[in-house]
Novice: 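First the structure, which I've put down as structure tokens, then a few questions once you've had a look.
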Amino acid sequence: MPPLGPPDQETLDLITKRGVAQIIPEAEFAARLQEGKPLRLKMGFDPSRPDLHLGHVVGLRKLRQLQDLGHELILIVGDWTAQIGDPSGQSDTRTMLGADDVKANAETYMRQFFKVVDPDKTRAVYQSEWFGKFTLADVIRLTSRFTINQFLHRDDFAQRYRDHRPIAVTEMLYPLLQAYDSVAIEADVEFGGTDQLFNLLVGRELQEKMGQRPQIVFTMPILPGTDGVRRMGKSLGNYIAIEDTPRDMFGKIMSLPDGVIRLYYELLTDASDERLDEIGAAEGPRRMDDKKRLGQEIVARFHTFAEADAARAEFERVFQEREAPAEVPEFAISTEIPGVLTLHEEYATVDMPRLLVSMGAAISRSQSRRDIMMRAVRVNGALLTEEKASIAYGSIVRVGRMFIRRLIVGE
RNA sequence: GGAGGGAUGGGAGAGCGGCUAAAUCCAUCAGACUGUAAAUCUGACGCCCUCAGGGCUACGCAGGUUCGAAUCCUGCUCCCUCCA
């Protein structure tokens with residue numbers, strides 16, 4: 001590893017300005033980068049939710065940039081905090097994950113994680129390394145360092161308190177545990193979304209109280225999900241997963257409201273500031289082209305360039321030209337399949353609503369009927385209006401935009 | 001320990017004896033349009049059937065009152081707030 005030199009101004013700007021919400025205190029962060037030794041970068045991870053999406057990638061890219069300067073990432077596997085649940089989420093009671101589940105989830109997580117972050121400069125540690133040994137006395141000592149008043153200032157708590165909505169005692173513990181993690185690993189910088197600000201600051205304060213150099217707090221903007229409004233999150237169903245197929249990843253990006261494209265470029269790519277301004281100002285077809293390029297770039301990062309190009313071509317073909325995709329999944333029919341009435345030499349007579357359920361196009365016959373009534377079902381491009389139909393083998397059945405299958409004869 | 005409030009469809013949230021498969025909003029799905037799986041507009045949105053009609057389930061759980069209950073009563077379970 002080359003000796004750590006201070007970053008040049010350009011790199012420093014990229015790290016501290018681009019896709020950053022707040023660095024506290026900023027001057028000190030710059031100073032620490034000049035110290036010439038690897039900083040310990042801290043990032044937490046909730047092992048009950050091992051699926052990474054683009055919202056996480058914003059932070060991971062930042063970590064990567066710093067790793068490339070020689071700094072070291074310490075990933076905290078939050079096997080204890082996961083049981084509490086972060087207050088910023090909906091307050092659902094969590095069940096305790098078994099050690100095996102945690103481990104399996106952690107592995108899944110790492111597989112995705114290292115698509116962005118450098119594994120050679122990453123160390124994963126489990127909270128149970130220190131909390132496993134914690135005694136009640138330790139807990140009391142820890143809690144005694146803060147007041148309820150401080151915690152009630154946290155936005156989320158303040159709001160709920162004002163609205164007379166519940167705040168669980170354990171929720172108070174969450175920031176404390178997270179803060180103690182920083183002490184345990186002697187973190188130099190902790191990263192999180194802007195919603196994490198409070199927790200990160202508690203860590204900073206606790207370190208100071210315990211005689212350590214307080215960590216820098218580094219927050220990043222929250223990436224909106226595919227609805228363009230709410231934060232990207234698995235529970236909200238508006239996420240683009242790192243492991244989505246190229247087709248889905250591209251499609252989901254195309255389904256983003258136009259208004260957030262610029263932000264996506266800003267938080268997820270290295271596009272120059274000039275380019276960002278262009279994107280913000282683009283109108284008409286150019287806007288769409290920017291969106292397609294974004295899709296390609298992101299698909300390429302998590303898959304390959306070839307797949308990215310293919311995803312774009314496929315999208316244009318299927319959704320713009322309204323043609324059948326290059327590869328249509330097949331569905332084999334036989335008399336065993338509900339909805340198939342009789343098989344003839346070259347065609348089959350079918351009960352369409354029932355067949356569509358068998359094919360997975362709809363969850364119930366009622367739903368299928370509605371689809372047919374709403375003119376959403378086509379066979380080889382021709383609108384299907386009757387429930388009883390004769391369909392030639394090899395026909396392409398399409399329901400809406402997304403569902404498409406070729407019928408073949410199977411055993 | 002005391003007082004009070006609540007549990008309704010994927011979510012939020014109306015309804016408070018029949019006109020309620022249950023307003024409205026969000027989400028979802030479809031159609032039109034288009035420059036996209038953008039935006040906008042329109043429509044659908046429990047399940048089943050021999051389907052312009054019919055049937056069966058459904059408003060925390062279990063009973064009850066009633067010709068009829070998400071709506072009233074009783075008992076349970078769970079949740080929340082406030083006061084101490």
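Per chain, numbering begins at 1; letters A, B, ... match sequence-line order.
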Novice: For A/R247, does the CZ atom have more than 12 heavy-atom neighbours from other residues, nucleotides or ligands under 6.0 Å away?
Specialist: no
Novice: Base, sugar-phosphate, or nothing: which does A/R247 touch, judged by heavy atoms less than 4.0 Å apart?
Specialist: base
Novice: Rounding to an integer number of angstrom, what distance separates B/A14 and B/U8 when you compare their C1' atoms?
Specialist: 10 Å
Novice: Over 60° means perpendicular and under 30° means parallel, so classify the ring planes of A/F198 and A/F151, tilted if in between.
Specialist: perpendicular
Novice: When the P atoms of B/G15 and B/C72 are compared, how many Å lie between them, rounded to an integer?
Specialist: 12 Å
Novice: Send over the distance from A/N238 CG to B/U28 C1', rounded to a whole Å.
Specialist: 13 Å
Novice: Given that A/I167 and A/G259 both sit by RNA chain B, which one's nearest nucleotide is further toward the 5' end?
Specialist: A/G259
Novice: Pull out every protein N or O sitting under 3.5 Å from an N or O of nucleotides 29-31 of chain B, one pair per line with the distance.
Specialist:
from, atom 1, to, atom 2, distance (Å)
B/A30, OP2, A/R401, NH2, 2.8
B/A30, O2', A/M374, O, 3.2

Novice: Using a 4.0 Å heavy-atom cut-off across all strands, classify A/F315 as base, sugar-phosphate, or nothing.
Specialist: base
Novice: If you take atom types as modelled and just measure distance, does the side chain of A/D258 reach the base of B/G35 with a donor-acceptor pair under 3.5 Å?
Specialist: yes
Novice: Partner lookup for B/A38, please. Criteria are Watson-Crick or G-U wobble with both distances under 3.5 angstrom; report none if nothing qualifies.
Specialist: none
Novice: Is the shortest side-chain N to carboxylate O distance from A/R286 to A/D289 below 4.0 Å?
Specialist: no
Novice: Report the residue from A/D270, A/D290, A/T269 that forms a side chain to side chain donor-acceptor pair (under 3.5 Å) with A/R275.
Specialist: A/D290
Novice: Would A/E190 and A/R40 pass as an ion pair if we require N to O under 4.0 Å?
Specialist: no
Novice: Just by distance, with hydrogens left out, do A/T219 and A/Q196 show a side-chain donor and acceptor under 3.5 Å apart?
Specialist: no
Novice: Please measure how far the P atom in B/A21 lies from the corresponding atom in B/C56, and state the result in whole Å.
Specialist: 13 Å
Novice: I'd like the P distance from B/G60 over to B/A44, given in whole Å.
Specialist: 27 Å
Novice: One thing to verify: whether A/R111 and A/E107 come together as a salt bridge, which I'm taking to mean a side-chain N less than 4.0 angstrom from a carboxylate O.
Specialist: no
Novice: Taking only side-chain N and O atoms of A/S255, does any of them lie within less than 4.0 angstrom of OP1 or OP2 on B/A38?
Specialist: no
Novice: Measuring only the C1' atom in each nucleotide, how far is B/C82 from B/A30? A whole number of Å is fine.
Specialist: 49 Å
Novice: Would you kindly give the CZ-to-C1' distance between A/R230 and B/A12, to the nearest whole Å?
Specialist: 11 Å
Novice: Any Lys/Arg nitrogen of A/D118 or A/K121 sitting under 4.0 Å from an Asp/Glu carboxylate oxygen of the other?
Specialist: yes
Novice: Measure from CD1 on A/I261 to P on B/A39 and round the result to the nearest Å.
Specialist: 11 Å
Novice: Under 4.0 Å: is that the gap between some side-chain N or O of A/S364 and OP1 or OP2 of B/G46?
Specialist: no
Novice: Could you work out the separation of B/C19 and B/G13 based on their C1' atoms and round it to a whole Å?
Specialist: 22 Å
Novice: Would you classify A/R287 as touching base, sugar-phosphate or nothing, given that sugar-phosphate means primed atoms plus P, OP1 and OP2, and contacts are heavy atoms under 4.0 Å?
Specialist: base
Novice: Going by heavy atoms closer than 4.0 Å, what residues in residues 262-275 of chain A are next to RNA chain B?
Specialist: none
Novice: Round to a whole Å and report the spacing from CZ of A/R365 to C1' of B/G46.
Specialist: 16 Å
Novice: In terms of ring plane angle, is the pair A/F45 and A/Y109 parallel, tilted or perpendicular, where the classes change at 30° and 60°?
Specialist: parallel
Novice: Rounded to whole angstroms, how far apart are CD on A/E387 and P on B/A52?
Specialist: 10 Å
Novice: Between B/U34 and B/U28, how far apart are the two P atoms, rounded to whole Å?
Specialist: 24 Å
Novice: Check A/K103 with A/D79, please: is the shortest side-chain N to carboxylate O separation under 4.0 Å?
Specialist: no
Novice: Applying the Watson-Crick and G-U wobble criteria at under 3.5 Å, what pairs with B/C16? Answer none if nothing qualifies.
Specialist: none
Novice: Start at the 5' end of RNA chain B and walk down; is the nucleotide closest to A/R370 or to A/I253 reached first?
Specialist: A/I253
Novice: When the C1' atoms of B/A52 and B/A58 are compared, how many Å lie between them, rounded to an integer?
Specialist: 26 Å
Novice: Report the residues that fulfil side chain to side chain donor-acceptor pair (under 3.5 Å) with A/T122, sequence neighbours left out, ordered by chain and then residue number.
Specialist: A/Q67
